[in-house]
*Asks:* 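Below is a structure I'd like to ask you about.
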There are 2 protein chains.
Amino acid sequence: MKQEAETASGAPATLWDRARQLASREILETALRLFTEQGYDETTIAQIAREAGVSQRTLFRYFGTKEDLLGGNQDRFGQVLTDTISELPAEVGVWEALRAGVAAVLALHDSREQALERFRLLHNTASLRAGWLEKRLRFQEDLLPLIEARMDAATGSVGAKARAVIATAFACLDAASMTWVDNDGKGDIMDLYDECLATVRG
Amino acid sequence: MKQEAETASGAPATLWDRARQLASREILETALRLFTEQGYDETTIAQIAREAGVSQRTLFRYFGTKEDLLGGNQDRFGQVLTDTISELPAEVGVWEALRAGVAAVLALHDSREQALERFRLLHNTASLRAGWLEKRLRFQEDLLPLIEARMDAATGSVGAKARAVIATAFACLDAASMTWVDNDGKGDIMDLYDECLATVRG
DNA sequence: GACTGCTTGGCAGCGACTGCCAAATCGCAT
DNA sequence: ATGCGATTTGGCAGTCGCTGCCAAGCAGTC
């Protein structure tokens, strides 16, 4: 499982790398297909492994958990979030900064259809929702120092205020994406986000 | 497992009920003790059952899942929330209504110490956090119609706006309780909540 | 004391996940 | 091409949360 450098053209150097990439894609596609066909909870690792033509053990070596089989590297979201916001000039306010971060993360999705499919799966499966919310909470904690730095330290607990602002931004993203899914992907999520935030901030 | 009526004095009618109540308390206390002693993930059901003097099977009959062993009937929270808010007069605004709901839920805790202990466990254990957030999301959905009814249906998506308001209230509760735990339970959560909300709503 | 019915415990099993070891496979030097 | 070392794979057993099933035990009733 050593990570080898790839050639500039994107074609992997060794046969092993090529095989790995192939297996990875095969597993991911099989998983997503089965998930949408029969639901996440109703799909077992054994079934995915069987239909993808690998052993369970190997499948777990490629993707550590069942959730990871959803693809769309959720772990990258956190990185993009913090990167985007930390690269913003210091004058940019907290709300604007968070909006930029949210927009950057949403821009990561390949296509509207894929995003809708994943969102739908996420919103309709309790176990997935739980895992996602947990991951998101960690992103929020990572954002804490960045947002604190941009807030004018007036009275009271700065930590609490920063946390509240961050959590509110995510809350609005939540409300927006849930409404978006309910409407079958009609409209733009960022518009909904803005609408939500405007409502909250009166 | 039939639920028998209890006498007015609180003393259960039959011997069975008494034994059940005893066993239930014993299990709950053992679980909470072990959780705080050695952590939630590091405590196995087998260990709790052994130390509580019941079989695993029986333990699972009393409490369906490991999370339920945390006690503090989280399922009741949702009921209290919706009840409190739906009993409020129609003139009460959404923010005020949600504040009342939050206050009512917080008032459910037996003592400050117990609440702090549970909150600490919750905030420090990823798996617990995930489950809790998921449950909370369901509460939010339950609240949706109640809050929608209190909002002036202006332009845009009422659903999105209501969701945003609810999610924001919970976000502030989150920020408040996390800060509260970080400060080892100093101060009042509702004060922190108000501070968070004030910051968000500018 | 026997009968009814609730409760309990034990066992087997499922599904996600991990550690361990042997076998297959690749890449490379000779 | 052959052999060798590194890597990948598969299989097996085991853990942990959780469930279904069945037999044994015990409270309450006649």
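Residue numbers start from 1 in every chain, and the chains themselves are labelled A, B, ... in the order their sequence lines are given, proteins ahead of strands. Computed over heavy atoms, backbone and side chain alike; hydrogens, waters and symmetry mates excluded.
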*Asks:* Does A:Ser127 reach a base, just sugar-phosphate, or nothing at all? Heavy atoms under 4.0 Å.
*Replies:*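 Nothing, no heavy atom under 4.0 Å.
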
*Asks:* Answer yes or no: is there a side-chain heavy-atom contact under 4.5 Å between B:Leu59 and B:Leu69?
*Replies:* yes

*Asks:* Atom CD1 of A:Ile27 to atom C1' of D:dT9: distance rounded to whole Å?
*Replies:* 12 Å

*Asks:* In this structure, how many angstroms lie between the P atom of C:dG27 and the CZ atom of A:Arg18, rounded?
*Replies:* 8 Å

*Asks:* Of all the nucleotides listed (D:dG10, D:dG17, C:dA16), which has the minimum atom distance to the side chain of A:Arg61?
*Replies:* D:dG10

*Asks:* Would you kindly give the CD1-to-C1' distance between A:Ile45 and C:dT18, to the nearest whole Å?
*Replies:*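 My rounded result for the distance is 13 Å.
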
*Asks:* Taking the side chain as every heavy atom from C-beta outward, state whether B:Gln47 and B:Thr30 have any atom pair closer than 4.5 Å.
*Replies:* no

*Asks:* Of the nucleotides D:dC18, C:dG15, D:dG10, which has the atom closest to the B:Thr65 side chain?
*Replies:* D:dC18

*Asks:* Atom OH of B:Tyr62 to atom P of D:dG17: distance rounded to whole Å?
*Replies:*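 In whole Å, D:dG17 P and B:Tyr62 OH are 20 Å from each other.
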
*Asks:* Both B:Val54 and A:Thr44 contact DNA chain C. Which one's nearest nucleotide lies toward the 5' end?
*Replies:*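 Upstream on the strand: B:Val54.
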
*Asks:* So which of B:Thr36, B:Thr125, B:Asp184, B:Asp182 actually passes side chain to side chain donor-acceptor pair (under 3.5 Å) with B:Arg120?
*Replies:*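 Running side chain to side chain donor-acceptor pair (under 3.5 Å) over B:Thr36, B:Thr125, B:Asp184, B:Asp182 with B:Arg120 returns exactly one hit, B:Asp184.
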
*Asks:* Can you tell me the distance, in whole Å, between the CG atom of A:Leu59 and the C1' atom of D:dT9?
*Replies:* 13 Å

*Asks:* Between P on D:dC21 and CZ on B:Arg57, what's the gap in Å once rounded to a whole number?
*Replies:*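 In whole Å, D:dC21 P lies 10 Å from B:Arg57 CZ.
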
*Asks:* Could you state the CZ-P distance from B:Phe63 to D:dG17, rounded to the nearest angstrom?
*Replies:* 16 Å

*Asks:* Apply the test side-chain hydrogen bond (donor to acceptor under 3.5 Å, both in side chains) to residues A:Gln74 and A:Glu67: give CA-CA distance (whole Å), side-chain angles for both, the deciding distance (0.1 Å), then the verdict.
*Replies:* CA-CA 10 Å; A:Gln74 298 178 340; A:Glu67 279 183 20; over 6 Å; no

*Asks:* Could you check how far CD of A:Gln56 sits from P of C:dC20, rounded to whole Å?
*Replies:*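 In whole Å, C:dC20 P lies 19 Å from A:Gln56 CD.
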
